[in-house]
Structure formats: structure tokens, C-alpha cells
Amino acid sequence: MQQITSPNVENLPKIGYLVNNDEKKEKFYKNESHIPKQNLLTGVKAGAHKLQNDIFTYFPKGFAGSKNSDFYEYLSLGMVPYLIGSAMLVTTYGIANKAFNAKDAKFANAGLKQAAAGVILYAAGKWAYQKLARAAINASTGINLDMRYINKVNELPEVGQEKGLVRKQYPGVYDSVQFYRSDLLTKDAELNHGNAYYHDDKIAQKAGFKNKLHAPNQTASDKIRKVKARTTALENIGKYIVAATGVAYGFQKSFTDISFKNPRSFITSTFNAFKDGAVQLWKGADKFDTSKTIGKVLNFGSKHMGKAMIIASGIATLLTWLIPTIGFKHNSNTVKTKVDTNKEYEVC
Amino acid sequence: MATISPLLQNRLNTTNNKTQIPNNHHEKIYQDLQKRAHEAKPNEAKAKMVKEGILGNPITDVVDTLKDAGNFFKTVKTGNMGDNNLGRINDLGLKIGAGIIATFLALHSKTKKDSIMRFIGGATFIAMMDLWPKLFINLPARLVHGFRIDRKYISAQGDKKDFFLDNQYLVWDAYPEEQLRKDAKNAGIDYDSKNGKEKIQRKMQKTALQNRTLWMATAGFATPLLTSMIGNFVEPQVEKAIVERGIKKVGKIADSENGMADFIKNSANIDIRNTKELDGLLERLKQSSLTDENFKDIAKALSPFDFLSEFKDIDDKTLYKGMQSSQVVEELKKVYKSLVTLDETSLREKLGTIRIPDNSIFATEETKYSSLDVEGIIKKLQGNLKLENIKEVLEQNGVAPKDIDDILQKTTRNNQEFIDFVKKYNEGPVAQLRGRLKAFGKLANPIAGSKSESATTLEYSKAMKKIIKSLGITPKDYNELEDGAKVFEKLSKMIQNGVKDEQQYKQFLESISSGEMDSRVVELIGKLEEAADSIGFDNVDDNNIKALNKSLLGGDSSIIEILKANIRNKKLDIDSIKARLILCANFERRVLNDDLKNMSDENLSALREIIYSGNLPKMANRGYADNPNDLIKQAGKVFGATKDENGNIIRTAIEKFNPDEIDALKKLKLFSKEEDSENFLKETLEAMKKIIRDKGTQCGQQSEDYARSVPIVSNIKRAIKDLNNNHKWLKAVAPMTIALIAITLLVQPFFGKIDKEFPEEKKGGGAK
């Protein structure tokens, strides 16, 4: 686990002490890693911070081969190929459209619009799914998997530097299963709620323990790890199912009708594209079927796959909430804990 | 780790002083530890390097993916899993998602090739995500720096990880010293010198980080670019493979003992899909008279082309595109008339109401109108209540035609027999016809279908490419030639140039006429034409069915004839394009050095446009030139025999073809007999002449005879457009890809510089 040490703070409040000192809190918040107040924009802010730093800090550091380049930065950079790749994918679709003659360009632009809608809805599907599932998990377990903390990183001095910089990062409290930041949760509970076990108590209560536990942190940490592991596993499959549905949605014929003539027509045509596209996806309208003389061209697969994908997305979202929640709930009738004093422990 | 935690140490100290007998298991461990404290050693490094080539191992990849799937289910079940394995499940999800997307898009693709390309695209995308760092980051790094930055290890927890995954957590303990020594040597660092080990480690760390950053910076560009480039190159190959497979499949049937005919004859009947629709339609019609609309609806429901929905591939349907069963309607009406009967009670009632006017001079007020002899008429009908019979009997009885119509229209009808017939016809001959048409489609589509994946389409595009090359058109000219008017201008100039030099002209003719269609394809086309006859019905007794069948299949415009013509034309299309080019060349040659030399510019350009595009020139539309008679006369010179001013017949155009041109035309094998080629020529010239003569009606239109295939100008324009779109796309994407690869490779030698971090090693304080 990352040790938080900072020479800047004196007389830090120790765990277990009741502290209600605004000044100390302020000082602590200023200098130490901590969990800030979460709101709707926390995630957006963290994302924006990451993107900005990717370009202006993490890439330069990475290219310089800096010792201070850490894993958080590397993971943050992982966002960049996604963004560039999406734009590039759309570009390869439409890169030569301008050079095509009018008829071909029209046809190619229709495909371009679909590709663009597909790419955007891919990301939107992923995002919406994760938000929804995590909100449900938060509601039923009290574990906010989106919770972020401000990480203060004291860097080593670079060559030619006298003193290392202190940088801010916005990782998630539960980013790691093994090393989720229980210490910060405890600290947050102490500083803001006057009870080091505040978060753990809440989780234990949600899990179904009627009485207050003596050491809720032990129970809570196990519960948290399992919820996080299950959710991550399910999310890592589920988000792609929903994302694929987003692509299928974007590739509906309705999205070729989006007009860019003026802002008003753009808004109405986009609205209609979404509205009609949803119906098309569900009913299995074939986007290529423009010829009436040929008659029906829908086969079983193309007729029902859209429906199947929408249903699968729903099920994936439901399961992503349900499975971790079921595993989370404590059943007092079946679970009997007993301390085994003879159990051997490996000491290293 | 040689230290014991302070807590433990404290505990040891206290217990040590008292040397008491351990009273529980834990204390025993503490005591043991205390005794062995001085010889305690760090645990052995359990992490191990993975031996794997720079391109990885596909088998390991598959095994790892299966492991990921296993880990997924294990996590769902137990909730216990580490970060690394959880993260790996993401790759599995990505593959599943790509698979779903490809399946969805493939299901909604219009052709087999498109469907296959969706999967190839998806798989290539994932493969490129994997291969880009391997080929353009890791491999160059190995070549430039002498060590590998892509090594993997298995951690003490059993997780497989990249060694340089985390810049700040490198398990050098697991890295074999032997290997490190080798790496140092390759990198030009003296391992045994002061800081030698630190230097190579730092150099590797730094290089790895820089390269991984480069990977992150380039992957977003590289994956879609490479995928689309590969897709672009693979696509024609896929098309070729599909066509070849089709030829093989059809060829196998054609070569079998009873050939295609049996395949068609033995095909399963296809019952109409919307029987319910037909039943409902007929139910509603049970007792009423039928309107024209009703007949059309029934004919539509009976359509043998209803089976088209059986074809998954939209291109498979194009063979039958435009075919309608409108001929059936008329025949169906006849059948209806012969089968429908009127209800007797209703007929009696209706007949009772009819008054026959007595127009004789003896008629009184009472006898002015007399009733019909209803019983007499019924008796005369002898129980035959069919429309035809009733009409006949009524006419004999002197009922006015107006009244006859009224009686026939308004009497309750009994359509049951007709309904039964329609059902029978639908289940019998039509179902059979559907089956046979489908079977024929299976054979014809891969060879001569209009689809993009048929053998003839491929041959056509091959031939067009060759023609474009023969004409000396290069990609540079593409942009210009996408404009139809420019094609005409440029094409005529090119041919005019080609005609100038005799030797060059000969070569041009040779290259145009060479390049025959694949002989196997030609053979199969012939067999298909023969086989089309097997679609016809077997002998039937029912006269009505016979008549209907004839309306479907008989005559020149029957389905079978249309199919045959469609197939035959596929081959002719290619050859007639070449033939037209030869005609154009002949014209230009004659303009240059023959009797056409003295023609006015205006007439010349008008005739030129006719011969190249089969159209009258635009100026013709605006009042047809200044001197139409002159043009007609000139046209005679070009296209056939005509009289000159003195009334002498000028030689026919056919004699104006030089031996090389005739040879080239003959080589095309447009027809089976050689003399047919000449006939074709005559016919074509005659047709062009007709364009001129029928100026009033034909302005701006193509003469039907001459326009059997699309004019050469349009053909070339279209072919160039296809080539050019691809060319334009490549022109935009290829330089980007090349630039990306170049940048990725060129920056790598600048990575891994550690001189600044180890300055004391520098001799003479050189440049920093």
C-alpha cells in the first residue's frame, strides 16, 4: 500500500481520535491525499484533468523517460488511443468523401454519419451502462464505486531540479481490489463524521447486519473487495455488449438523415434520427433495403438481432447490479463465523 | 526482508527476557523466529520471466483468453480476484463486443463479401491493436537498443504481467542476471563497470517507458489506419475467393452426371409464404364479383418471385429483378370466367326482375314489358351455371346486353371452384416453379448474376481495367475523366493519337481484343443457358393450368427467355465494349486518312458523338444542326451505303474496315460463327444510321439497337469512377499511414539516453 508521508504536516490526527477541528482539516486537505466531497461533476472533473494532463504533462514525462512517470499516468494515457482511434475510425470512413463526385460523396457521407453515430453511441452506451449499474450498486450496498480521491504525489527531483514537484491525481478510491484506499475512507470518516468506522458501519448495515459490529472495517473490507471484483468482471464484459448495441443503434438508416444545414435542422433531424433509429433497431428495419421491387429482404437474424441486443444490454445492466448485490447481502441464518485459534499463519 | 515488524520485535523482546514456555501456537512461532532471526533470509523470488518471442505465441494467446473467461466465472461465483486478472477480462469483453458488432453489421450487409469483410475488419482491428506495438515499437526497440522491452513475467501471485508495465515497480529480482549482462553488452554498457548494472537497468526502464508512451501516442492512429489499409487490400481477394468458390460449386454440379438440369428438376417445391394472405384474399372474394384490382392482388400473391425472400443475399435477387407476373392477370381472368358459377336462387330472383320490352306495334300498355321465361331459361342452362353458359343462353333468349351484364354482375356468385383452383395452382405448379427458379438462381448467380460477386462481374471489371490500361489512362487522368464530357473528349484524343502511327495502332487493336473471358466461365454460361429450359413445367392435363403456365413461361418475353438473355448478355457486354472501341478507332482512322477527311467540323463532331456515346449531340437537340440533310448524307458515308452527288453508290462502311480491325473484331468471338461478327458490324452501323434518320423521335435517346449495352463513354466513366474512388481514398490514407510508421520508427533511436543521469562517467565532461 502506498504510504502517505509528508514532512509538511505536523501533528497529524491519529486514527481513532475524535477530531473536529476545521483548521486542521483544512491543512490536511491542503497537503495530504484525501477524499473530497463527491458530486455529479467529480467524474467529469477527473476525466478533464486526466485529458489535460495527458497532453501537457504525462506525454512529455513519458517521452522524457522520467522516473516520476507512474502507473496512474500510464493508465490515464490509455484514454488517448480511444479518443484518437474513434476519430480516426470515422476519418478513414470519410477522408476521401470530399474528393468523390456528388453522388458517391452523398452515399459515402451517409456511411460516414452512421460510423460517427456508431462511434459516439459506442462510448455513450458504455458510459450510461456503467453509470446506471454503479448507481444501483451504490443504492443497494452503499459502496460508491465512482468515488474519487485527490492523490498528492511527491515526486523525486528530476535531473537539474532541486526539489521534486507535488502533483495532484484523481484516482478512484476503489480502483484496486487488493489495495482500495481504506485508509482514506477511514480518514474521511474521522474528519467529516467523527467516527472512523462511519463508512464501514454504513456498508455493514446495508449488508444486513442489524446490530452495530465491533470491527465493521473487517467485514466491510471483505464485502467491498467482493463487490468491486464482481462488478469489475461483469462491467468488463457488459460494457462491450451495451457498446455494441450503441454501434448497432448508430448504424440504423435514420442516422443518415441527420442534416448539418443549420443548427435548427440539425437538432430536429438528430432528434428524429434517435427516435426512428430506436424503432428501426427494435423492429429490425434493414438499412440497406431501399429497393421496393425486390420485396422483403429481412431474414431472421437481421430482423431480431437488434431486439436481442437491446434485451441483452438490459440483462447485462441488471446482472451487473444484481450479482454483486446478492453476493453482498449478509444472511445471518446461514453464516456462522467462528474464530479458529489454531489456524496457522504464514509470517514473512 | 530481514527485518521483523516493530510490533513483533517488541513481542520477542519481552518473551525472550522471561524465557517462558510458550502457551499457545502463536507464541511458539515467535520463539522459533527469535531463535532463527540471525539466519533469516528474504524469501526466494517467486516471480519468473516468461519465455516468449517478440511476436508472442498465438497458442498462449488462446489459452490466456480461455483463462480470462474462466476467471470471469470464478469472480462472479466467488468474488475473489486480483486487479490484474480483472483487468484482463476487459480484453475478453472487447473481443466479445467486436464479435457482436461484426455479426450485427454482417447480418445487415447486402452481399456476402460485405458480411465477410465485417468479420475480417473486426478481427483485423483487434489484431492490429496487438500487432502495432509488437511490430513497430517492440521489434524496432530490440533492433535499435539491443534489448527487449516487451518481456513478461509471472508474479508471485501467478499473474502474467508486462515486466515494464509499471515504471515505478520493476521486479529486477526476477530478471535473470545472465540476460541483463547480455542486454548490457548489446546496449554498449560495461556491466561490470561502476554503476554498470544500474545503468543498464535505468536505460531499459527509460527506453521502455518512452516506447510505451510512444505506443499510447500512436496506437489511436495506427489501429484504424492499418485496419482500413489491410481491409482495402484484402477486399478484392475476398471477392475473388467468393467467386472462385462459386465457380467451383456450380462447376461441380455442371460436371455431374445429369448436370444442372437435374439439379433444377429435383429442387424442392417452395410453398408460398403468405398462404394466409392468399386465403384471406380468397375468403373475402367468395361471393362477390372480382374487380381488376382483385385479380392483380391474387396474381401478386401467386407470384413465383415470392421466394426471393429466401435469398439472404440481396444480390442473389437481382437476377430476377424487374420480373413481374402481370401476364398472369389476363390469363387468370379467363380462368375465372370459365370456373365461376352463379347461385341458382339468386339467379332466379334476378331473372324475375328483368322486364323485356316488346317493341312490336301490337304491344299494349299491359304487354309492353314482359317477364322473362325464368323456368325455361333455367331448364336450358341444364345445371351449368357458369358465366359463359348463362351469357350464351340469355343472348339466345333475346335479353339485352345491358341486362345480361347487369344479371351477371349482380347475381350472387359462387367462386368456390375458382378459389380451389387458385389454391391448387399455388400449391402445385407455382410452388414447383418457385423451387426451380430458386435452384436456377443458385446456379446462375455465382456465374452470371448481376451481383458484384459473380464471375462475369469480376471478368467485366478485369476487362475494364485492361481496356483503361490499353488506352493509356493512368491514375493521374482519373480526376479529369470522371466527367462524362471529358471522357468523350479525352477518349477520342487518345484514339486519334493511337491511330496516327500504324504500328502503334496495330498494338492497340491487339491489346483491346485480347484478354478473353475465363474459358471455364464461358463454358458454364453455355451450360446455364441450356439448363434454363429445365425450369419449364412438366406435362399437365388441366387446360387452365396449361394456359396459365404458358402465360408465365411461354413466348419471347417469358421468364426463361429473359433469364437466358440476361446470362448471354453478361458475356456479350464485355465483348461489345471492345467491339465499340474498335468501331471508334475505325472512325478516327478514317477521319484522319480517308474519305471522311473533308467533312465539316460540325458534322464530324456530331457523328463522333453518335459513335462514341450512341447519342445525338446536344446541338442536335437545339434544332438539329444547320444542314440536317448534309449530316444524313455524311452519316451514310460513315455508317453505310449511300449515294453521292452524282447518284453513285458509295462503298458500304463495312468495306472501310482494314484487315487489322476486322481481325480484332473476329478475335472477340462475339458470336459463335465468324461471319456473325460481320453481321454484327453491319447491324450496328445500320442502327447508328437509324439514329440519324429518326432524328425527330430519337433526339437525345439511344437507339435501341445500338444501346444493347451502355455506351462506351459511360462504361469507361463508370469504371474510372470506381478506380478513382479507391485511388482517392488510398491517396489520402496511405501517406498518413506511411508518415505514422516513419515517425514511430525514426524517434526510437533518440530514446534511452541516460548520459545526463550518470554524468560522472562522462569522460572530459563532454556534451550533455
Side-chain angles (χ1 to χ4, degrees), chain A residues 59 62-63 65 67 69-71 74 77-78 80-85 88-89 91-92 95-96 99-101 104 159 176-178 225-227 229-230 232-234 236-237 239-241 243-244 247-248 251 286-288 293-297 299 301-302 305-306 309 323 327 341-342 344 347-348, chain B residues 1 24-25 29 33 43 72 75-76 79-83 86 89-90 92-94 96-97 100-101 103-105 107-110 166-169 206-207 209-210 212-214 216-217 219-221 223-225 228 306 308-309 312 314 317 321-322 482 721 725 728-729 732-733 751-752 756-757:
Chain A
F59 266 125
F63 277 125
K67 276 179 186 172
S69 245
D70 62 15
F71 197 48
Y74 180 66
L77 289 181
V80 175
Y82 259 101
L83 292 174
I84 296 177
M88 211 57 219
L89 198 67
T91 310
T92 55
I95 191 160
F100 289 171
N101 64 40
D104 289 357
V159 176
S176 163
V177 175
Q178 290 108 314
R225 287 200 173 100
K226 286 191 170 164
V227 167
R230 283 195 171 110
T232 311
L234 288 162
N236 279 347
I237 304 288
K239 68 184 170 193
Y240 290 106
I241 294 175
V247 174
F251 268 87
D286 192 311
K287 68 177 172 116
F288 294 112
T293 52
I294 287 168
K296 289 180 286 180
V297 286
N299 53 39
S302 57
M305 183 144 180
M309 286 169 83
I323 291 175
T341 48
N342 287 325
E344 290 194 25
V347 179
C348 61
Chain B
M1 65 125 257
N24 67 28
H25 186 68
I29 292 173
L33 260 176
N43 282 349
F72 170 76
T75 315
V76 167
N80 295 323
M81 194 53 64
D83 290 329
L86 284 173
I89 294 174
N90 190 55
L92 179 67
L94 182 74
I96 292 172
I100 296 175
I101 293 172
T103 310
F104 178 84
L105 294 179
L107 278 174
H108 291 74
S109 295
K110 48 180 175 176
D166 182 348
N167 182 46
Q168 295 182 332
Y169 182 75
K206 193 165 184 174
T207 313
L209 175 66
Q210 287 168 321
R212 291 175 79 89
T213 311
L214 181 66
M216 287 297 122
F221 297 103
T223 312
L225 280 176
S228 56
D306 186 72
L308 287 178
S309 53
K312 286 193 190 85
I314 204 167
K317 301 165 212 284
K321 202 173 166 181
E482 267 203 37
K721 198 192 79 185
N725 283 353
K728 278 175 190 163
W729 185 87
V733 173
F751 288 168
K756 277 186 187 171
E757 292 171 47

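In the text below, chain A, chain B and the rest are named by the order of the sequence lines, each starting its count at 1.
- Ranking B:Ile89, B:Leu214, B:Leu92 against chain A, the residue ahead of the rest is B:Ile89, based on heavy-atom pairs under 4.5 Å.
- Taking A:Val247 as the reference, A:Tyr122, A:Phe251, B:Ile101 meet the side-chain contact (heavy atoms from CB on, under 4.5 Å) condition, with sequence neighbours excluded.
- Per-residue counts of heavy-atom pairs under 4.5 Å with chain A were compared for B:Asn725, B:Thr75, B:Val733; the largest is that of B:Asn725.
- Counting heavy atoms from C-beta on, the side chains of A:Leu77 and A:Phe59 come closer than 4.5 Å.
- At least one donor-acceptor pair closer than 3.5 Å links the side chain of A:Asn236 to the backbone N or O of B:Leu86.
- Heavy atoms closer than 4.5 Å to chain A are found nowhere in B:Thr207, neither backbone nor side chain.
- Side-chain atoms of B:Gln210 come within 3.5 Å of backbone N or O of B:Gly752 as a donor-acceptor pair.
- With a threshold of 4.5 angstrom between heavy atoms, A:Lys239 approaches chain B through side-chain atoms but not through N, CA, C or O.
- Heavy-atom distances place no part of B:Thr223 under 4.5 Å from chain A, backbone and side chain included.
- By the 4.5 Å heavy-atom criterion applied to side chains, B:Leu225 and A:Met88 are counted as neighbours.
- Contact count versus chain B (heavy atoms, under 4.5 Å) is highest, among A:Leu234, A:Leu83, A:Thr92, A:Ile323, for A:Thr92.
- Both the backbone and the side chain of A:Arg230 come within contact range of chain B, with heavy atoms under 4.5 Å apart.
- Within the 4.5 angstrom heavy-atom criterion, no atom of B:Tyr169 approaches chain A.
- Using a 4.5 Å cut-off between heavy atoms, B:Ile96 touches chain A through its side chain atoms alone.
- Using a 4.5 Å heavy-atom threshold, the side chains of A:Tyr240 and B:Asn90 count as touching.
- Legend: residues meeting side-chain contact (heavy atoms from CB on, under 4.5 Å) with B:Leu209, ordered by chain and number and at least two apart, are A:Ser69, B:Asn167, B:Thr213.
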